[in-house]
Amino acid sequence: MTALFSNSGADDDARRRTIYEGGIFVYSATPASVELIGFARALIEEAFQGLDPETAQFELPVEDYVALLADLKPRFIHHPECARLLPLVLAEAGCALDRTYFDVPRLRTSTSDEYLTSGISYAYHAHRDCWYSAPFNQVNWWMPIYPVSADNVMAFHTQYFARPVANGSERYDYADWTAVGRPTAAAHVHSDTREQPRPEEAIELEPQVRVVPEPGGFLMFSGAHLHSTVPNTSGRTRFSIDFRTVNIDDVRARLGAPNVDARCAGTTLRDFRRAADLTPMPSELAEEYEAEALARVR
């Protein structure tokens with residue numbers, strides 16, 4: 001059973017343990033999350049130069065749309081304002097900033113009617129982030145920038161949380177992905193040939209859980225959950241922000257969700273920075289996780 005918690009009053013320690021057991025948390029927008037999506041909207045609307053960002057896909061050739069996103073997304077990801085606002089979001093959610101580490105926030109798009117589903121606007125098949133070298137104590141955060149509906153969000157396939165799925169994670173190495181796969185995203189316009197872990201058996205997509213937060217509202221869930229991008233049939237492009245956090249005490253103690261089927265190499269831990277002062281994750285911890293991942297592959 002997977003429980004969904006709405007505006008829970010649980011403290012962060014209790015919340016993380018529940019998340020590691022498969023719980024999903026949803027929260028209403030906070031002052032800092034509203035400021036974050038407001039900043040994102042300003043960048044998006046500047047980039048689309050007077051076009052409605054949610055319907056611009058119907059007015060632009062797909063190649064022009066890709067070029068626009070190839071400039072917009074890195075500007076958002078690496079903007080100093082994101083580094084300022086994310087710790088505020090974490091603090092309002094009850095995270096201890098001296099113990100919580102986060103990676104860069106990513107601006108995601110899901111266009112409608114299969115206009116663009118590869119490369120820079122990749123429509124994710126059913127997957128666990130742990131197939132992509134995420135640590136099992138990773139908490140995923142997701143928030144919409146504009147209003148969303150049930151036909152353009154994400155789906156959780158909760159029956160697989162503790163159930164193995166045959167997958168290609170043993171062929172995935174995070175170091176190779178960051179060197180080769182991620183930088184070529186904008187080149188994959190009409191199809192995506194990059195090697196990415198995916199199920200290698202038929203997946204029961206039903207029953208599934210779809211959560212529809214308000215703009216600036218956010219979900220928190222385990223990186224071990226099997227989830228996918230919903231085929232967008234809404235007639236509007238979905239814009240959202242996601243990022244990930246880990247608590248360094250859990251990283252050290254190896255507390256996290258169970259590993260039921262991941263066999264990838266490497267770790268994403270080097271991407272994380274301490275919310276209090278942006279100090280990098282201690283390299284010795286990343287090295288330990290890399291060695292453990294290598295042992296799993298072998």
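Bear in mind the structure is a predicted one, so any value in this text is a computation, not a measurement.
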Is any NZ, NE, NH1 or NH2 atom of the basic residue among [X] and [Y] found under 4.0 Å from an Asp or Glu carboxylate oxygen of the other?
{"X": "R16", "Y": "E21", "result": "no"}
{"X": "R274", "Y": "D98", "result": "no"}
{"X": "R41", "Y": "E46", "result": "no"}
{"X": "D11", "Y": "R15", "result": "no"}
{"X": "E204", "Y": "R163", "result": "yes"}
{"X": "E290", "Y": "R270", "result": "yes"}

task = Let me know which of Y146, W142, F76 forms a ring pair (Phe, Tyr, Trp, His ring centres under 6.0 Å) with F239.
result = Y146
ask   = What residues, two or more places apart in sequence or in another chain, satisfy ring-ring contact (aromatic ring centres under 6.0 Å, His included) together with F218?
value = Y27, W141
query = What residues form a ring-ring contact (aromatic ring centres under 6.0 Å, His included) with Y289, not counting sequence neighbours?
reply = none
Check for a donor-acceptor pair, side chain of [X] on one end and backbone N or O of [Y] on the other, with a separation under 3.5 Å.
{"X": "R238", "Y": "N152", "answer": "yes"}
{"X": "R128", "Y": "A224", "answer": "yes"}
{"X": "H225", "Y": "G22", "answer": "yes"}
{"X": "S33", "Y": "G216", "answer": "yes"}
{"X": "N167", "Y": "E200", "answer": "no"}
{"X": "N137", "Y": "L255", "answer": "yes"}
{"X": "S133", "Y": "A265", "answer": "yes"}
{"X": "R273", "Y": "T279", "answer": "no"}
{"X": "H79", "Y": "I77", "answer": "no"}
{"X": "R254", "Y": "R252", "answer": "yes"}

query = Taking only residues two or more places apart in sequence, or in another chain, which ones meet D173 in a salt bridge (charged side-chain N to carboxylate O under 4.0 Å, His left out)?
reply = none
request  = Write down the atom of I37, the atom of P215, and the distance for their closest heavy-atom approach.
outcome  = CD1-C, 3.6 Å
Measure the [atom1]-[atom2] distance between [X] and [Y] for me, rounded to the nearest 0.5 Å.
{"X": "R236", "Y": "S112", "atom1": "CZ", "atom2": "OG", "result": "10.0 Å"}
{"X": "N247", "Y": "R99", "atom1": "CG", "atom2": "CZ", "result": "7.0 Å"}
{"X": "Y160", "Y": "T158", "atom1": "OH", "atom2": "OG1", "result": "10.5 Å"}
{"X": "D250", "Y": "Y101", "atom1": "CG", "atom2": "OH", "result": "12.5 Å"}
{"X": "Q138", "Y": "D103", "atom1": "CD", "atom2": "CG", "result": "6.5 Å"}
{"X": "H157", "Y": "H127", "atom1": "NE2", "atom2": "NE2", "result": "9.5 Å"}

Assess, by modelled atom type and distance only, whether the side chains of [X] and [Y] contain a donor and an acceptor separated by less than 3.5 Å.
{"X": "N232", "Y": "D113", "result": "no"}
{"X": "D271", "Y": "Y174", "result": "yes"}
{"X": "T237", "Y": "Q57", "result": "yes"}
{"X": "Q196", "Y": "R198", "result": "no"}

key: Intermediate values then yes/no, side chain to side chain donor-acceptor pair (under 3.5 Å), R108 and S110   = CA-CA 7 Å; R108 306 288 190 183; S110 173; over 6 Å; no
task = Determine whether the aromatic ring centres of Y65 and Y115 lie less than 6.0 Å apart.
result = yes
ask   = Are the aromatic rings of F221 and F156 close, with centres under 6.0 Å apart?
value = yes
message = Given L69, which partner from the list T111, T109, D64 fulfils the side chain to side chain contact (heavy atoms under 4.5 Å, CB included) test?
response = T109
key: S28/N7 under side chain to side chain donor-acceptor pair (under 3.5 Å): CA gap, chis, key distance, verdict   = CA-CA 7 Å; S28 301; N7 289 325; 3.1 Å; yes
request  = Give a yes or no on whether E284 atom CD has more than 12 heavy-atom contacts from other residues, nucleotides or ligands under 6.0 Å away.
outcome  = yes
task = Using the six-membered ring wherever Trp is involved, compare the ring planes of F5 and F25 and label them parallel, tilted or perpendicular (cut-offs 30° and 60°).
result = parallel
